[in-house]
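Structure first, commentary second.
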There are 2 protein chains.
Amino acid sequence: MSKENLRKCEGDRNDCPIKDVLYRVGDKWSMLTVIMLSDHGTLRFNELHNLIETISQRMLTVTLKTLEADGLIARKMYAQIPPKVEYSLTELGQSLVPPLMSLYEWANVSMPAIKASRERHQKQDLVAPDNR
Amino acid sequence: MSKENLRKCEGDRNDCPIKDVLYRVGDKWSMLTVIMLSDHGTLRFNELHNLIETISQRMLTVTLKTLEADGLIARKMYAQIPPKVEYSLTELGQSLVPPLMSLYEWANVSMPAIKASRERHQKQDLVAPDNR
DNA sequence: CTGCATCCTCACTGATACTG
DNA sequence: CAGTATCAGTGAGGATGCAG
């Protein structure tokens, strides 16, 4: 945790690993997909689609392609009719799971406090301005 | 790390802490701001603006307000001319730093492999389609 | 079953100007 | 110094239809 290399973050994505990691895992579905694969092991396209019900087919495709291009997941395609494609985490992908889990656990512990704080602020905002 | 509560993530933000935490820390500037405050301690508005050079004044304001509403940072305002406002992490905000750091360190270790993988895929894409 | 292509929307973001 | 207000552009993401 050397503080020195955190002092400043000026170049846009150049000398800022925080931004790098955000652009990797910060999108809407990547983390979720990695977690699902970590939890279930190998999964087929539709199995993922069912597990992450609110994802659109398009975004699942896009997310899987990006994760594959980044070397976080492996894609195994069976040349048969009907097609069958299996996805699983690579070693690199698995190495992401522990840090993800620590964030996940922080969320479980802290979200109640965050939500409570948010509601307190909403109430304050409601009484501050005149009701017009 | 009980697997049971990860099995499915269907309700949009209802029963899915992964999404919760993503919507908190996944935006473009929150993590960066938290890290800066963790690194420097108390900071004034313009000090933050200088440290995160690429952030616009508007987004810094928005980010700070959101983080404050969520109880992650504290805002201390001095009633004087010229105005002076100091921001610092609350305990809740500080509790976010360790998980953030584990992600940060994962990024430092893994980004080279990710970037290499990405470039490999780009080259493959360039030879796959007919050049037309 | 697994995916790609197209269209379309709207929320996030930045630029700019103004205020206490 | 520390914001607020307004406007406008961009691009992530969803809906739909088609294909191998």
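Bear in mind that the values here come from a model prediction, so they are computed numbers and not experimental data. Proteins come first, then strands; the chains are lettered A, B, ... in the order of their sequence lines, and each starts at number 1.
Taking atom CG of residue A:L60 and atom C1' of nucleotide D:dA12, one finds them 16 Å apart after rounding to whole Å. D:dG11 atom C1' lies 12 Å from atom OH of A:Y23, rounded to whole Å. Nucleotide D:dA5 holds its P atom 16 Å from the CE atom of B:M59, rounded to whole Å. Rounding to whole angstrom units, CG of residue B:L43 and P of D:dC1 are separated by 15 Å. Taking atom CG of residue B:N46 and atom P of nucleotide D:dG3, one finds them 9 Å apart after rounding to whole Å. In this structure, A:L22 places its CG atom 15 Å from P of D:dA12, rounding to the nearest Å. Rounded to whole angstrom, the span from the NE2 atom of B:H49 across to the C1' atom of D:dC1 amounts to 13 Å. The interatomic distance linking A:I52 (CD1) with D:dG14 (P) rounds to 12 Å, in whole Å.
Put simply, B:F45 and B:I81 are part of two different groups of oily side chains (I, L, V, M, F, W, Y) that touch within less than 4.5 Å, one to the next.
Of the residues in residues 66-78 of chain A, those lying under 4.0 Å from DNA chain C by heavy-atom distance are A:R75.
Across all their heavy atoms, B:E68 and A:S117 have their closest contact at O-OG, 4.2 Å.
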Grab the N/O contacts between the protein and nucleotides 18-20 of chain D below 3.5 Å, and write none if there aren't any.
none

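Using a 4.0 Å heavy-atom cutoff across all strands shown, B:T61 reaches at least one base atom of the nucleic acid.
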Could you pull out every donor-acceptor pair under 3.5 Å between side chains of residues 88-100 of chain A and any protein atom, sequence neighbours left out?
residue : atom : partner : partner atom : Å
A:T90   : OG1  : A:G71   : O            : 2.6
A:T90   : OG1  : A:L72   : O            : 3.1
A:T90   : OG1  : A:L92   : N            : 3.4
A:T90   : OG1  : A:G93   : N            : 3.1
A:S95   : OG   : A:L92   : O            : 2.5
A:S95   : OG   : B:W106  : NE1          : 2.9

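If one axis is set at each end of the helix from C:dC1-D:dG20 to C:dG20-D:dC1 from five pairs, those axes are 50° apart, to 10°.
Close approach of DNA chain C to chain A, defined as any atom under 4.0 Å from a non-hydrogen atom of the protein, starts and stops at C:dC1 to C:dT6.
At a threshold of 4.0 Å, the pair B:K115-A:D70 does not count as salt-bridged, since none of the basic side-chain nitrogens sits closer than that to a carboxylate oxygen.
Residues passing the side-chain hydrogen bond (donor to acceptor under 3.5 Å, both in side chains) test with B:R75 are B:Y87, sequence neighbours excluded.
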